[in-house]
Amino acid sequence: EVQLQAFGGGLVQAGGSPRLSCAACGFTFDDYAIGWFRQAPGKEREGVSCISSSDGSTYYADSVKGRFTISSDNVKNTVYLQMNSLKPEDTAVYYCATMPPDRYGSSWYMSYEYDYWGQGTLVTVSS
């Protein structure tokens, strides 16, 4: 059974640097890509970043490029999202999800490309 557990959220001051983790099991981690999405209140879910566990290549949304860093630990089957210089507009529930290797590419930000989703972790950025 595929399971994804996202954690590391909480209340953070603007400018803070929390790290989210996505622990995965139930599939061949090295073969898949893992993406981070977020959904703010009243807004649609948006792609934040994605990493290929096989070659480490990454994608980022323009809104987080230069501030967020995605990484993968293939021993721990965990993907991290290091978030720096947080802004109030980064407030959202953050989700991680799996993408089969044959879908990895320029459409990484489309939620329909992902098969399994974690439960989400809330990040609230105070100004």
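Residues: numbered from 1 along the sequence shown.
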Any pair counted as salt bridge (charged side-chain N to carboxylate O under 4.0 Å, His left out), so long as it reaches residues 116-127, sequence neighbours left out: none
Exercise: identify the closest heavy-atom pair between Ser72 and Asn74: OG-OD1, 2.8 Å
Sequence neighbours excluded - salt bridge (charged side-chain N to carboxylate O under 4.0 Å, His left out) pairs with any residue from residues 107-127: Arg103-Asp115
Pair listing, salt bridge (charged side-chain N to carboxylate O under 4.0 Å, His left out) test, anchored in residues 67-82, at least two apart: Arg67-Asp90
Under 3.5 Å: donor-acceptor pair, side chain of Gln119, backbone of Ala6: yes
Exercise: identify the closest heavy-atom pair between Leu4 and Ala24: CD2-CB, 3.4 Å
With Cys22 via disulfide (SG to SG under 2.5 Å) - residues at least two apart: Cys96
Heavy-atom closest pair, residues Gly8 and Pro18: O-CB, 4.5 Å
Connected hydrophobic set around Leu11, excluding itself, where side chains approach under 4.5 Å: none
Side chain to side chain contact (heavy atoms under 4.5 Å, CB included) partners for Ser54, two or more places apart: Ser52
Within residues 67-87 or reaching into it, pairs that qualify as ring-ring contact (aromatic ring centres under 6.0 Å, His included) - sequence neighbours excluded: none
Where at least one partner belongs to residues 8-33, residue pairs that pass salt bridge (charged side-chain N to carboxylate O under 4.0 Å, His left out), sequence neighbours excluded: none
Qualifying ring-ring contact (aromatic ring centres under 6.0 Å, His included) pairs with a residue from residues 13-48, counting only residues at least two apart or across chains: Phe27-Tyr32, Phe37-Tyr114, Phe37-Trp117
Euclidean distance, Trp108 CH2 relative to Ser106 OG, rounded to 0.5 Å: 11.0 Å
Results of side-chain hydrogen bond (donor to acceptor under 3.5 Å, both in side chains) for Lys65 - residues two or more places apart only: Asp62
Verify same cluster id: Leu20, Met99 (apolar side-chain graph, 4.5 Å): no
Side-chain donor-acceptor distances from residues 42-49 under 3.5 Å, at least two apart:
{"from": "Glu46", "atom 1": "OE2", "to": "Arg38", "atom 2": "NE", "distance (Å)": "2.6"}
{"from": "Glu46", "atom 1": "OE2", "to": "Arg38", "atom 2": "NH2", "distance (Å)": "3.2"}
{"from": "Ser49", "atom 1": "OG", "to": "Tyr59", "atom 2": "O", "distance (Å)": "2.8"}

Common cluster, Phe7/Tyr116, ILVMFWY with side-chain heavy-atom separation under 4.5 Å: no
Cluster link Tyr94 to Ile51, ILVMFWY, side chain under 4.5 Å: yes
Donor-acceptor contact below 3.5 Å, side chain Tyr60 vs main chain Ile70: yes
Exercise: identify the closest heavy-atom pair between Cys50 and Tyr104: SG-CE1, 3.7 Å
Student check: side-chain heavy atoms of Cys25 and Asn77 closer than 4.5 Å: no
Within one Ile-Leu-Val-Met-Phe-Trp-Tyr cluster: Leu122 and Val125, side-chain cutoff 4.5 Å: no
Atom of Ser21, atom of Thr78 and distance for their closest heavy-atom approach: CB-CG2, 4.2 Å
Residues in side-chain hydrogen bond (donor to acceptor under 3.5 Å, both in side chains) contact with Gln82, at least two apart in sequence or another chain: Asn84
Side-chain touch Ile34/Thr98, heavy atoms, less than 4.5 angstrom: yes
